[in-house]
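The structure appears right after this line, and notes come after that.
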Amino acid sequence: MEDFLNSFPYTYYRIGIRYVIAAGIAFLLFYVIFRRQKFFKKIQAKFPKQKDYYRDLVYSLVTIAIFTVIAHLSFVTFRSYNILIYDWNAKSGWYWLLTVAPIFVIHDFYFYWAHRLMHHPKIFTSVHKVHHLSTNPSPWTAYAFHPLEAVIETLIIPILVFTVPTHPFIIVLFMIFQIIYNVYGHLGFELFPSGFHKTKIGRYINTSVAHNQHHKKFTGNFGLYTLVWDRLFGTIRQDYDDDYEMATRKDIKKAAEAA
Ligand SMILES: [Zn+2]
Ligand SMILES: [Zn+2]
């Protein structure tokens, strides 16, 4: 316990600073400095209100505390039970690189089903509604969860440390990728080019438009990094292609500017 209390501030800081840097840079660029830039079109024309940013930020700070507790339990308290490999020299560079694949697939799959389950009418209000208070999400929405949802989201850490024999630093690096992609999903602007959603690979990549639709309309598009499970299990929104095209069409942008 003493060990936990001693390390809590540092672990909280490390998880928190990643969120603040990723969401902060995105917010500064797209919502402050280049707020009126013409290159990327806002997916929903309006910007969120100040109170939306503050609400998301406060919930995210609580979420980070919950992430800190679960991280400590997974990496320290139950260290002798997890299957992580702490010696870089025990495996080759290729081995470490290849372990990213199961981490990616497991997290993407876990998130899809946990998210879909949280939309069940019996638990939506008490677990997932907080995240959906932002019908027009911003970068600060990335970790805006009810504490119960924060626990569900961070269960991916114990799942990974007990299933993937990788180095703990690989999981840390992956979590940095996770927060960057998460911020992109809530950015409110589409960064992938027009037509990307119809390419062979692009069809299966989750985009900011897809997740923005989910926040605005509450149904379909449950994915995190990919749309593989949404396409496979028939939960991709029927209006995804239309909205993607609207958000990335240059002529629409000009028409919107002229109006
Ligand atoms: Zn949802
Ligand atoms: Zn979201």
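Keep in mind that this is a model prediction, so the values were computed, not measured. For ligands, and for the atoms within them, numbers begin at 1 and follow the listed sequence.
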Inset, instruction - Kindly give the atom name of the N, O or S atom of H215 closest to the Zn ion (ligand 2). - result: NE2
Inset, instruction - If the plane angle is over 60° it's perpendicular, under 30° parallel, otherwise tilted; pick one for F47 and F189. - result: tilted
Inset, instruction - Quick one: the NE2 of H119, the Zn ion (ligand 1), NE2 of H214 angle, rounded to 10°, please. - result: 90°
Legend entry - Non-hydrogen side-chain atoms of F67 and Y12 separated by less than 4.5 Å: no
Inset, instruction - Could you grab the angle centred on the Zn ion (ligand 2), going from NE2 in H186 to NE2 in H211, to 10°? - result: 90°
Legend entry - Side chains of E245 and Y240, donor plus acceptor under 3.5 Å: no
Inset, instruction - Show the numbers, then the answer: is there a salt bridge (Lys or Arg N to Asp or Glu O under 4.0 Å) between D230 and R237? - result: CA-CA 9 Å; D230 279 302; R237 289 190 57 87; over 6 Å; no
Legend entry - Three-point angle H128:NE2, the Zn ion (ligand 1), H115:NE2, rounded to the nearest 10°: 90°
Inset, instruction - Measure across W140 and D56 and return the closest heavy-atom pair with its distance rounded to 0.1 Å. - result: O-CB, 3.4 Å
Inset, instruction - Report yes or no: does H132 have an N/O/S atom closer than 2.8 Å to the Zn ion (ligand 2)? - result: no
